Amino acid sequence: MVRPVGVTILAILNFIVAAFCLLGGIAMILGGGFIATMLSQQGQGSAGAAGVLAGLGAAAGVFIIIIGGVSALLGFGLWKLKGWARIVSIVLYGISAAFQLLGLLGTLAHFNVFALVWSVFWVAVDAFVIWYLLKPEVKAAFQRPMVRAASA
């Protein structure tokens with residue numbers, strides 16, 4: 001079956017996110033070490049604090065690289081029309097929408113127009129993607145073709 005255009009777009013966006021996560025993760029690993037070295041050389045702070053800063057940068061960088069790997073795997077699954085990729089995407093977009101709604105509550109508590117618009121925008125994007133992936137024609141594209149046994 002032909003891959004729907006929206007699924008192709010989601011797969012490409014996942015590949016782009018994976019590339020940015022890889023670059024960002026590497027930058028955090030290197031940046032944490034660089035900042036820690038600069039602080040220890042200038043005498044601003046203890047060597048222990050510099051080590052902790054370098055460790056936090058490395059840990060955050062590795063975490064972001066792992067997220068990039070998941071995004072790349074998800075993009076590949078969407079590209080190949082794997083059913084698991086559709087389900088995982090729906091679950092992850094649902095989690096994202098839930099966190100955005102929590103952020104929206106926080107935005108309402110400490111009113112900020114930009115943050116309000118930003119949260120509403122991302123909740124709408126998450127809802128749209130979930131709706132799209134649940135459409136019958138998109139769901140049908142992820143169904144494996146039925147293999148008929150040869151009758152003798």
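Source: prediction; values computed, not measured. In what follows, residues are counted from 1 in the order of the sequence shown.
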Show the atom names and distances, to 0.1 Å, of all donor-acceptor pairs under 3.5 Å that link a side chain in residues 48-75 to residues at least two apart or in another chain.
unit_1, atom_1, unit_2, atom_2, d
Ser71, OG, Asn14, O, 2.8
Ser71, OG, Asn14, OD1, 3.2

Checklist entry - Do the rings of Trp122 and Trp118 sit parallel, tilted or perpendicular, given the 30° and 60° boundaries? => result perpendicular
Item to check | Gap separating the CH2 atom of Trp84 from the CD1 atom of Ile87, nearest 0.5 angstrom | outcome: 11.5 Å
Item to check | Full working for side-chain contact (heavy atoms from CB on, under 4.5 Å) between Phe20 and Leu22 | outcome: CA-CA 5 Å; Phe20 277 113; Leu22 178 63; over 6 Å; no
Checklist entry - How long is the span from the OG atom in Ser89 to the CG atom in Leu78, to the nearest 0.5 Å? => result 4.0 Å
Next on the checklist: As a quick check of understanding, evaluate side-chain contact (heavy atoms from CB on, under 4.5 Å) for Trp79 and Val7, giving each step before the final call.
Outcome noted: CA-CA 7 Å; Trp79 189 264; Val7 173; over 6 Å; no
Item to check | Phe15 atom CZ, neighbour heavy-atom count above 12 within 6.0 Å | outcome: yes
Next on the checklist: If hydrophobic clusters are built from ILVMFWY residues whose side chains come within less than 4.5 Å, do Phe114 and Val117 share one?
Outcome noted: no
Checklist entry - Can you list the residues that meet the side chain to side chain contact (heavy atoms under 4.5 Å, CB included) rule with Lys139, with sequence neighbours excluded? => result Arg86, Gln143
Checklist entry - Same cluster or not: are Leu10 and Leu92 linked, directly or through other Ile, Leu, Val, Met, Phe, Trp or Tyr residues, by side-chain heavy atoms under 4.5 angstrom apart? => result no
Next on the checklist: Distance check, rounded to the nearest 0.5 Å: Leu108 atom CG versus Leu105 atom CG?
Outcome noted: 6.5 Å
Checklist entry - Should Ile9 and Val129 be regarded as members of a common hydrophobic cluster, given that ILVMFWY residues are connected when their side-chain heavy atoms come within less than 4.5 Å of each other, either directly or indirectly? => result no
